[in-house]
Novice: 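Let me begin by handing over the structure; questions about it come next.
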Amino acid sequence: MQNTVAKVAVVGSGISGSVCAATLARNGISVILFDSARGPGGRMSQRRERSEDGRELLFDHGAPYFTVTNPDVLSVVTEWESRGLVAEWKSNFGSFDCFTNKFVNTEHQERESKKYVGVPGMNSICKALCHEPGVDSKFNMGIGKFEWLEHENLWSLIGLDGQHLGHFKGVVASDKNIASPRFTAITGQPPPLDIITKVIQELSNNCGYHKSQLYLAGDLSLAPELVKLHDIPIYPCFALMLGFNEPLSLVPANGLSFTNSKVLSRAHCESSKPGRSSTSERWVLHSTTEYAKDVIAQSGLEKPSKETLSKVGNEMLQEFLGTGLTIPQPFFMKARRWGSAFPATSIAKEEKCVWSEKKKLAICGDFCLSPNVEGAILSGLAAASKLKGLIGTL
């Protein structure tokens with residue numbers, strides 16, 4: 001990549017990174033967005049699969065929908081709705097108790113809160129935001145290293161392949177693994193913000209926070225968040241995508257949560273969502289955290305083998321069939337691991353993002369505020385607000 005100084009680099013095209021990038025661009029700050037995946041989405045990802053007979057099948061295998069309670073987020077979502085990027089999913093939602101083998105509350109839960117989905121897929125929102133004027137999105141480009149150039153007052157970004165990606169006046173990171181040993185377990189390389197490890201080592205050696213040591217943060221207030229960022233606990237999940245030739249007419253709701261199940265946490269009918277194709281019946285099942293942890297404990301953090309995913313898929317399907325209803329065998333079945341599905345803690349509830357004004361570094365994501373889409377949106381807005389405040393200096 002050409003060695004030029006851009007305004008801001010945003011790393012990660014999930015909902016928090018996409019919202020941040022688009023908000024910055026709308027406020028006159030040019031952005032280059034990087035993501036190691038083929039396209040945007042994160043927890044809003046959509047899978048494009050093909051059955052053996054050639055049928056194309058689309059699945060929201062991450063977040064099935066989201067709800068909104070915060071007025072700032074509602075304002076943003078209302079604007080998305082006016083652009084046709086989201087729609088309300090009006091359907092029956094309920095629960096299945098695996099102990100009593102009964103469905104409960106399958107008619108009225110949709111009245112409790114509006115459930116929004118991206119149209120025609122959950123990733124449609126991130127796709128649109130990543131292509132806002134002023135946002136230059138680079139996919140299939142993972143970040144291997146963030147390097148702070150003290151004398152130039154700039155960030156240098158290096159790709160996983162060692163390629164220099166440019167200098168930037170500000171950086172936003174929306175990946176919870178950028179400073180975590182989990183990054184090394186997955187890629188075999190040090191975390192991109194490996195400098196935090198050095199900070200932590202110095203903190204532990206000196207039994208306290210000392211301003212002179214926090215050369216990344218530049219101020220005392222960031223230190224606790226940096227320590228927490230080093231190893232954020234996460235709850236994993238497996239998703240099973242299913243295709244059926246006929247509607248599951250005996251299932252009384254299109255969205256189900258499961259209680260008293262060691263395997264399943266929820267199930268949703270993809271083809272019932274607005275803007276989706278109804279040529280086939282498509283469902284996504286999500287495992288419980290405990291089940292996913294057990295599988296990962298046996299198979300490790302490496303990419304799961306076909307044998308592991310096949311076993312997981314069969315066990316999740318059998319639990320679904322255990323509802324006692326007549327559910328036909330699917331013509332398509334594929335399991336995927338959602339390794340970082342839900343952060344188990346929030347590291348910046350008050351600030352909504354981690355922020356270093358001296359380094360113009362913001363870290364945002366659902367792990368900063370709350371482990372859902374709304375929390376990720378709020379965190380992305382907060383990160384953009386921090387950088388917007390320095391618009392005259394960027």
Novice: Angle class for the F342/W338 ring planes (parallel below 30°, perpendicular above 60°, tilted otherwise)?
Specialist: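 The arrangement is tilted - the two ring planes meet at 30° to 60°.
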
Novice: Taking only Lys NZ, Arg NE, NH1 and NH2, and the carboxylate oxygens of Asp or Glu, determine whether R48 and E56 approach each other closer than 4.0 Å.
Specialist: yes

Novice: Just do the side-chain contact (heavy atoms from CB on, under 4.5 Å) check on N314 and M333 with the steps written out, would you?
Specialist: CA-CA 9 Å; N314 285 324; M333 182 173 75; 3.3 Å; yes

Novice: Does S95 reach the main-chain N or O of S257 with its side chain, forming a donor-acceptor pair under 3.5 Å?
Specialist: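 Side chain of S95 to backbone of S257, a donor-acceptor pair under 3.5 Å: yes, one is there.
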
Novice: What class does the angle between the rings of Y65 and H268 fall in, given that below 30° is parallel, 30 to 60° is tilted and above 60° is perpendicular?
Specialist: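 Geometry flag for H268 against Y65: perpendicular rings.
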
Novice: Mark yes when over 12 heavy atoms from residues, nucleotides or ligands other than K127 sit less than 6.0 Å from its NZ; otherwise mark no.
Specialist: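 No, NZ of K127 has 12 or fewer neighbouring heavy atoms, counting only those of other groups under 6.0 Å.
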
Novice: Treat each ILVMFWY residue as a node, draw an edge where side-chain heavy atoms are under 4.5 Å apart, and state whether L250 and F244 are in one component.
Specialist: yes

Novice: Short question: side chain of S124, backbone of G121 - any donor-acceptor pair under 3.5 Å?
Specialist: yes

Novice: Look only at the side chain of S370 and the backbone of N372, and say whether a donor-acceptor pair between them is shorter than 3.5 Å.
Specialist: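 No.
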
Novice: Establish whether F332 and L248 are linked, either directly or via other cluster members, by ILVMFWY side-chain heavy-atom contacts under 4.5 Å.
Specialist: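 No, it is not one cluster - the side chains of F332 and L248 are not joined through contacts under 4.5 Å.
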
Novice: Parallel under 30°, tilted from 30 to 60°, perpendicular over 60°: which one fits the rings of Y291 and F238?
Specialist: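 Rings of Y291 and F238: perpendicular, over 60°.
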
Novice: Test salt bridge (charged side-chain N to carboxylate O under 4.0 Å, His left out) on K360 and E357; report intermediate values, then the result.
Specialist: CA-CA 5 Å; K360 300 180 182 66; E357 182 173 347; over 6 Å; no

Novice: Distance only, no hydrogens: is a donor on one side chain within 3.5 Å (strictly under) of an acceptor on the other, for E374 and T69?
Specialist: yes

Novice: Answer yes if F93 and V68 sit in the same cluster of Ile, Leu, Val, Met, Phe, Trp and Tyr residues linked by side chain heavy atoms under 4.5 Å apart, and no otherwise.
Specialist: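 F93 clusters together with V68.
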
Novice: Is any side-chain heavy atom of L240 closer than 4.5 Å to a side-chain heavy atom of L317?
Specialist: yes

Novice: Do L256 and V251 touch side chain to side chain, with heavy atoms closer than 4.5 Å?
Specialist: yes

Novice: Nearest 0.5 Å, please: how far is CG in N27 from NZ in K388?
Specialist: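 Rounded to the nearest 0.5 Å, the NZ-CG separation comes to 4.5 Å.
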
Novice: Would you say that S13 contacts C126 through its side chain, given a criterion of any heavy-atom pair below 4.5 Å between the two side chains?
Specialist: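 Counting from C-beta outward, S13 and C126 never come under 4.5 Å.
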
Novice: Which is it for K334 and E49 under the salt bridge (charged side-chain N to carboxylate O under 4.0 Å, His left out) test, yes or no, and what are the steps along the way?
Specialist: CA-CA 9 Å; K334 187 173 184 178; E49 301 289 348; 3.1 Å; yes

Novice: How many angstroms lie between CE in M44 and CD in Q46, if you round to the nearest 0.5 Å?
Specialist: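 Spacing of CE (M44) from CD (Q46) equals 11.0 Å.
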
Novice: First locate atom OG of S277, then atom CG of L57, and finally report the distance between them rounded to the nearest 0.5 Å.
Specialist: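 One gets 8.5 Å once the value is rounded to the nearest 0.5 Å.
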
Novice: Nearest heavy-atom pair of A376 and I15: which atoms, and what distance?
Specialist: CB-CG2, 3.3 Å

Novice: Taking all non-hydrogen atoms of both residues, which atom of W355 and which atom of A362 are closest, and how far apart?
Specialist: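 Taking W355 first and A362 second, the nearest heavy atoms are CE3-CB, 3.7 Å.
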
Novice: Where is the tightest heavy-atom contact between G275 and V119, given as atom of each residue plus distance?
Specialist: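 Between these two residues, the closest heavy atoms are CA-CG1, 4.2 Å.
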
Novice: Can you measure from CD1 (I296) to CD (E302) and round to the nearest 0.5 angstrom?
Specialist: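 Between I296 CD1 and E302 CD, I get 11.0 Å after rounding to 0.5 Å.
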
Novice: Are side-chain heavy atoms of L129 and V135 found at a separation under 4.5 Å?
Specialist: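 Side-chain contact under 4.5 Å: no.
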
Novice: Examine distances only and state if a side-chain atom of T288 and a backbone atom of K262 form a donor-acceptor pair shorter than 3.5 Å.
Specialist: yes

Novice: In sequence, state the C-alpha distance, the side-chain angles, and the governing distance for V76 and V19, and then conclude on side-chain contact (heavy atoms from CB on, under 4.5 Å).
Specialist: CA-CA 9 Å; V76 170; V19 164; 5.6 Å; no

Novice: Are E88 and K115 ion-paired here, with the side-chain N under 4.0 Å from a carboxylate O?
Specialist: no

Novice: Closest approach of H61 and A239, non-hydrogen atoms and distance?
Specialist: O-CB, 3.6 Å

Novice: Does any part of the side chain of F66, heavy atoms only, come nearer than 4.5 Å to the side chain of V77, both counted from C-beta?
Specialist: yes

Novice: For a salt bridge (charged side-chain N to carboxylate O under 4.0 Å, His left out) check, start with the C-alpha distance between R43 and D366, then their side-chain angles and the critical distance, and finish with the verdict.
Specialist: CA-CA 10 Å; R43 71 167 55 252; D366 56 2; 2.4 Å; yes

Novice: Any chance you could measure D136, atom CG, to S30, atom OG, to the nearest 0.5 Å?
Specialist: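 Output value for this atom pair is 9.5 Å.
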
Novice: If we ignore hydrogens and angles and just use 3.5 Å, is the side chain of S18 paired with the main-chain N or O of G14 as donor and acceptor?
Specialist: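 Judged by distance alone, yes, a pair lies under 3.5 Å.
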
Novice: Identify whether I158 and L33 are in the same connected component of the hydrophobic contact network (ILVMFWY, side-chain heavy atoms under 4.5 Å).
Specialist: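 No.
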
Novice: Does W80 reach the main-chain N or O of G118 with its side chain, forming a donor-acceptor pair under 3.5 Å?
Specialist: no

Novice: Verify, without hydrogens or angle tests, whether S379 (side chain) and C364 (backbone) share a donor-acceptor contact under 3.5 angstrom.
Specialist: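 Side chain of S379 to backbone of C364, a donor-acceptor pair under 3.5 Å: no, none is there.
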
Novice: What about the rings of W283 and F320, do their centers lie closer together than 6.0 Å?
Specialist: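 Aromatic pair counts; centres sit under 6.0 Å.
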
Novice: Would a 4.5 Å heavy-atom cut-off, applied to side chains only, mark F34 and L165 as touching?
Specialist: yes

Novice: For V11, is there any backbone N or O sitting under 3.5 Å from a side-chain donor or acceptor partner on S174?
Specialist: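 Here the side-chain-to-backbone pair exists.
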
Novice: Tell me whether E281 at atom CD has more than 12 heavy atoms from other residues, nucleotides or ligands lying less than 6.0 Å away.
Specialist: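 Count over threshold, so yes.
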
Novice: Please say yes or no: joined through hydrophobic side-chain contacts below 4.5 Å, possibly via intermediate residues, are V86 and L381 part of one cluster?
Specialist: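 Both belong to a single hydrophobic cluster.
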
Novice: Does one side chain, of H164 or S156, offer a donor that lies under 3.5 Å from an acceptor on the other?
Specialist: yes

Novice: For the residue pair S340 and K176, what are the closest heavy atoms and their distance?
Specialist: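 Looking at all heavy atoms of both residues, the closest pair is O-NZ, 3.6 Å.
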
Novice: Quick one: does any side-chain atom of K273 pair with a main-chain N or O of P64 as donor and acceptor, under 3.5 Å?
Specialist: yes

Novice: Report yes if some heavy atom in the side chain of L149 is under 4.5 Å from a heavy atom in the side chain of E147; otherwise report no.
Specialist: yes

Novice: Might you point out which heavy atoms bring Y235 and A344 nearest each other, and give the distance in Å?
Specialist: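 Scanning both residues completely, I find the closest heavy atoms to be CZ-CB, 3.5 Å.
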
Novice: Less than 4.0 Å between a side-chain N and a carboxylate O, is that true for E315 and K311?
Specialist: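 Looking at E315 together with K311, the answer is yes, because their closest N to O distance falls below 4.0 Å.
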
Novice: S346 side chain to L369 main-chain N or O, any donor-acceptor pair under 3.5 Å?
Specialist: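 Pair found, side chain donor or acceptor close to backbone of L369.
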
Novice: To the nearest 0.5 Å, what is the distance between CG on D35 and SG on C130?
Specialist: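 Separation between the atoms: 7.5 Å.
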
Novice: Checking V171 against V8 for the side-chain contact (heavy atoms from CB on, under 4.5 Å) test, could you report, in this order, the C-alpha distance in whole Å, the side-chain angles of both residues, the deciding distance, and whether it holds?
Specialist: CA-CA 5 Å; V171 169; V8 173; over 6 Å; no

Novice: Decide yes or no for S113 and T67: does some side-chain heavy atom of the first lie under 4.5 Å from some side-chain heavy atom of the second?
Specialist: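 Heavy-atom side-chain distance check passes, below 4.5 Å.
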
Novice: Could you verify whether a donor N or O on one side chain and an acceptor N or O on the other, from T78 and S75, lie under 3.5 Å apart?
Specialist: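 No.
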
Novice: Please lay out, stage by stage, how W155 and F146 fare under the test side-chain contact (heavy atoms from CB on, under 4.5 Å).
Specialist: CA-CA 7 Å; W155 285 98; F146 294 72; 3.9 Å; yes

Novice: Testing R276, R282, R336, R47 for salt bridge (charged side-chain N to carboxylate O under 4.0 Å, His left out) with D60, which one passes?
Specialist: R276

